2 protein chains.
Amino acid sequence: MPRPRSAAPSATPSSSPSAASERGDTRLGPVRHSPDAEAAFAPAAVAVDGGFWDARREVNGRVSIPQGPGLLESAGNLRNLRLAAGTDKGEFQGAYPFVDSDVYKWLEAAAWQLARTPDGDLADDVARIVSLVAGAQQDDGYLNTWFQLLKGGERYLDLRWGHELYCAGHLIQAAVAHHRATGSSELLDVAVKFADHIDSVFGLPGSGKPLDGVDGHPEVETALVELYRETGEHRYLDLAGYFVDRFGHGLLGGEVYCQDRVPLREATNVEGHAVRQLYLLAAATDLAVETGDGGLRTAAERLWEAMTTTKTHITGGLGAHHDEEDFGDPYELPNERAYCETCAAIASVQWSWRMALLTGEARYSDLVERTLYNGFLAGVSLDGERWLYVNPLQVRDGHTDAGGDQSARRTRWFRCACCPPNVMRLLAGLEHYLASGDDGGLQIHQYVTGRYTGLLDGTGIVVSAETDYPWQGTIGLTVEESPADRPWTLSLRIPQWCGDYRVRVGDSVYDETDAPVTDGWLRLERTWAPGDRIVLDLGIEPRLTAADPRVDAVRGCVAIERGPLVYCLEGVDHPGGGLDDMVLDTTRPLAVKHRPDLLGGVVTVLAAGRRRNIADAGWWPYRTADAGAGDDGQPADEPLELTAIPYYAWANRQDGSMRVWLPTS
Amino acid sequence: MPRPRSAAPSATPSSSPSAASERGDTRLGPVRHSPDAEAAFAPAAVAVDGGFWDARREVNGRVSIPQGPGLLESAGNLRNLRLAAGTDKGEFQGAYPFVDSDVYKWLEAAAWQLARTPDGDLADDVARIVSLVAGAQQDDGYLNTWFQLLKGGERYLDLRWGHELYCAGHLIQAAVAHHRATGSSELLDVAVKFADHIDSVFGLPGSGKPLDGVDGHPEVETALVELYRETGEHRYLDLAGYFVDRFGHGLLGGEVYCQDRVPLREATNVEGHAVRQLYLLAAATDLAVETGDGGLRTAAERLWEAMTTTKTHITGGLGAHHDEEDFGDPYELPNERAYCETCAAIASVQWSWRMALLTGEARYSDLVERTLYNGFLAGVSLDGERWLYVNPLQVRDGHTDAGGDQSARRTRWFRCACCPPNVMRLLAGLEHYLASGDDGGLQIHQYVTGRYTGLLDGTGIVVSAETDYPWQGTIGLTVEESPADRPWTLSLRIPQWCGDYRVRVGDSVYDETDAPVTDGWLRLERTWAPGDRIVLDLGIEPRLTAADPRVDAVRGCVAIERGPLVYCLEGVDHPGGGLDDMVLDTTRPLAVKHRPDLLGGVVTVLAAGRRRNIADAGWWPYRTADAGAGDDGQPADEPLELTAIPYYAWANRQDGSMRVWLPTS
């Protein structure tokens, strides 16, 4: 499948470890193509300095990330590293072989945070923990405290569940971030040493390597691609390619859970453990970018479309089952038992962003937007202190659960603490997922208040933006820097949910007719000059959304959405009863109400509804369908004013019922 | 709560181990009240000799039960016993500490089978396996091969998960059955020795017993009550009462899964692991029967009603979650992820039958009937060779699963093989759950072809029955024996699903007006004489059934039922596509078709429907609700003839889709 070669990546010529950070390249981030990449689009730099995401990131930087070291200390993760280094005494603490990865994910988050807002205390914490990691590494590069401390140092005997390469992957990702953000190579040296060790162990039969295998949890694959990008060492890319193509060949017993049922290139839909599937697909996409592998690209495109069409919740949440944390069947999208692990939302953003960079198609960023504002952001409380591992779309009246990680109640930390530091790292590095550039101009994927910076023939393009998005649909853009006398295209993503927009360029106003959207992009080609103003107005009226009729779980229901936000009802806003008996009246208009006092400031959506009075039918809740038709003998329903809040803000006041999908009859 | 004392139990005066079987008491069975019981109703004997259940039991006796020893040998269960006895060499085989219970459940099944159809080979197998069990028992009575072989003989250190008392319970149940059915006390002696050991270990603080605790999986409690009934030893009843009341006090860490969150007497709804909950409730009901404990009775009545009203699937299936195998929230009754473990259906029958005997209320047998014909019977294939552990109400088009015990595909045996021998024992002893007697006469709870035998003032009442139920609604009854000149009441249960019946007694015909049903019973008091004929006609037209609107999972759907049978569609009957896109037309009448050629002979229900043609909406399956209203641009639907089969018979032809609840729009 031929694709245009991009000139943009060639504008970032360095492949040596230090050059990228030394020359102040603004394209720092967790996804940076190598100079040889076969992608049309490269990430563009964005500085977020106000608005919705700035507020969420402020809490992340002020509360969540600084709490990390204390939580990692009390959960034992840091002491395990000291035990492995021989500098502390005691017992290994932690229930899983992947506890080290919590530390690495936190380090990655802290690195992105330091790059934006240098802070002495945080820098000290990072330096201290980097030293702990380095101290725990074994002479030959291996590092995993579980196996070093509990398994007598035996390695790679349980690749299905051992998570050794998974942890290595997070270590490498953290090291790349640390190097890009701080210029220090201390952690990168650890990562390189570990990667070299892995490369000396794993390979095809006949390669002379002792072990042909893959890790039960993909993650090292994307990390190795990034390490290749950071160091220029092609062995790491080759190793990532080897791993990706060795899934599906029975090395993990053929388990679908571990992505081993079928090779990715032959798969027809996403399956198995959701996070595992998505990390593997992100790696496949990275490889397609770097190697031009059309087979991997075709598979990734096919699987992305199958996933969105049949296995994605309206919130962008992924994963239908608590049991196995896996995808369900097509259109199996339950509400109260939606799993929608926070980590799966993060993995989906990571994969879709890579797909956007590979293809330039706006739909991938449509899903990124939906996921960020809904399925992802619900994972952290507004105060940055409590977390959701699973993100259900419904909590029933009188809900009880046994607590624990998979509770529908926010929790301070988890026994399996994968999600909190994963949220931290995505929020801290969020600016890396918002815009791209190619040799024709700049593409704005996500709208934030801040500055978008691209490069065109080595000259900077800077566009500043101001917006109250997602509360308002107006985005004001100003060209700050532009090459003189060189036309280029400013591409604005018109979100998939938006049926109505206008754009003003200078004094001219255009709508769908005279500024059409192609493939999700509104492309404005001009010879831009500093001071040029563009105002995009996205119609953001609240709307009722229905699902494909094959989604059995929501038959007879609609959801309220406004802009990119999915809304929900919470019991706390509807006193005098729960939500199990509510009905939405779809014939009455929706209204919006700005509530600066509520949940950190939200726009609520008000709707008319009623509360069903359900007659006591005795001990059996099923009855002949035509009996009682016409509501004979049923008590009259009671009117009920419905107040919907953004889904991401649920569970921030008190425990209680919640629902996204609202019955209409 | 005062209840009438029954004279009937006093007619079975013996409390010595041997007397019951010696005098040929026909009230053999897994639930037999002691002479002191505070229950109004005692089980009545039934001989099933034709019709629906006779056919299922014939397969059970000819195929399923005889295969047991071979399967238990190959799965390692029998060798584990030999290893514990020191008569064989090798490694313990089995993944769970409760593998011994598979043997005991099979022994119980085989005992009931022998009582009905003596068979030399089966008798030999039973004798051989009884010897294996006896040989494995330790000198002080303890017996659990997992702990004896793998844990160095350490005992009762992990009551949450150890299942030692659970296994003891199944051993005791098997021993009681073996004694009642064969008169042999060989296994009963083992059980008594084990029970005495348990009684020497467990007790309240201050009782002088070393351990205050309960087993994480209730089962020993009902068994101890039965052992008391069989031996007359009151200590066993006291021990059962101690155990039942020690749940809910934190002895198991307060885990809801293990029934330890709250004492049963204070609970407001069923919760936690479904089988554990139901076995505990069966024991509480047995205790209420034997001791007249009004608090336990009140709790059991409250919890039964809460369960049926809010947590029971239309099939009688119980348990909403794969994860934890537990009950969900009220009205959380999913379809494709219904757990509905076969063992939970069995436990529900056992509990409800005890409730029927305690209270005399017909509704308990309504649930027994529904469960037997649907949620229970689906657990075994028509050929008696393959099993379902979970019983979903929907399998989607293109369903995939990872196989294993919880697969929606029938399986030859399970790693956790709790269900198959549990099915065998219920089928083999089914005659014990069908009728009761009190001092006023005979109550027929379930309609079968055969002979119902009660006792009145020491004189036999015998009523024979002939019926093609559930395919036909006509039950012909003949009084065969009756005390002379002594009026008594023949009570016929009019099923909760039946809105229309007639009864003919001799030449007189009565309907709802002149033979009213009170509390589910049609009571015919006469001075009956041998030869008297009664013909009951239950209206059995197929019907559409809807659920309480709070059951979100089935909004906009109905189920097809006929008589006690729940129906389903299977993909195999609807070629040219799956079932995910089907719609039922509720305005067209249902038709029935007798199909002696199909699935061992069933009545199918035919309905009109259509197959939706769903326009390709691109990659996102959600759209604004009012867009496309009126089906603009939607391709026309295609007519579809729907063929529904009884749910119990699904998954007997080929893998494929299935659904009980049918969308209507």
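Proteins come first, then strands; the chains are lettered A, B, ... in the order of their sequence lines, and each starts at number 1. Since we're looking at a predicted model, the values are computed, not measured.
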The interface call for B:Gln394 against chain A, heavy-atom contacts under 4.5 Å, is side chain
Heaviest contributor of heavy-atom pairs below 4.5 Å to chain B, chosen from A:His322, A:Arg612, A:Glu332, is A:Glu332
Honestly, the part of B:Arg555 sitting under 4.5 Å from a heavy atom of chain A is both
Side chain, backbone, both or neither: which part of B:Arg261 has an atom under 4.5 Å from a heavy atom of chain A? neither
For the interface with chain B, which of A:Pro334, A:Gly328, A:Pro549, A:Ala553 has the highest count of heavy-atom pairs at distances below 4.5 Å? A:Pro549
Side chain from CB out, backbone as N, CA, C, O: work out which of these in A:Glu561 comes under 4.5 Å of a heavy atom of chain B, or both, or neither. neither
About how many Å separate CG of A:Asp401 and CD of B:Glu271, when rounded to the nearest 0.5 Å? 11.5 Å
Measure distances from B:Trp661 to the heavy atoms of chain A and classify the residue's part below 4.5 Å as side chain, backbone, both or neither. side chain
At a heavy-atom separation under 4.5 Å, does B:Glu336 approach chain A through its side chain, its backbone, both, or neither? side chain
Calculate, to the nearest 0.5 Å, the distance between atoms CD and OH belonging to B:Gln496 and A:Tyr622 respectively. 11.5 Å
dist B:Trp620:CH2 -> A:Leu367:CG (nearest 0.5 Å) comes out at 6.0 Å
Please examine the side chains of A:Pro330 and B:Arg396, heavy atoms only from C-beta on, and report whether any two atoms are closer than 4.5 Å. no
Side chain, backbone, both or neither: which part of B:Arg337 has a heavy atom under 4.5 Å from chain A? side chain
Verify, without hydrogens or angle tests, whether A:Thr545 (side chain) and B:Arg623 (backbone) share a donor-acceptor contact under 3.5 angstrom. no
Given the options B:Ile614, B:Asp580, B:Asp581, A:Asp548 meets side chain to side chain contact (heavy atoms under 4.5 Å, CB included) only with B:Ile614
Atom pair OG1/CH2 of A:Thr310 and B:Trp619 - distance to nearest 0.5 Å: 13.0 Å
CG/A:Asp616 to OG1/B:Thr309 distance, rounded to the nearest 0.5 angstrom? 7.5 Å
For chain B, which residues from residues 311-319 of chain A have at least one heavy atom closer than 4.5 Å to it? A:Thr312, A:His313, A:Ile314
At a heavy-atom separation under 4.5 Å, does B:Arg550 approach chain A through its side chain, its backbone, both, or neither? both
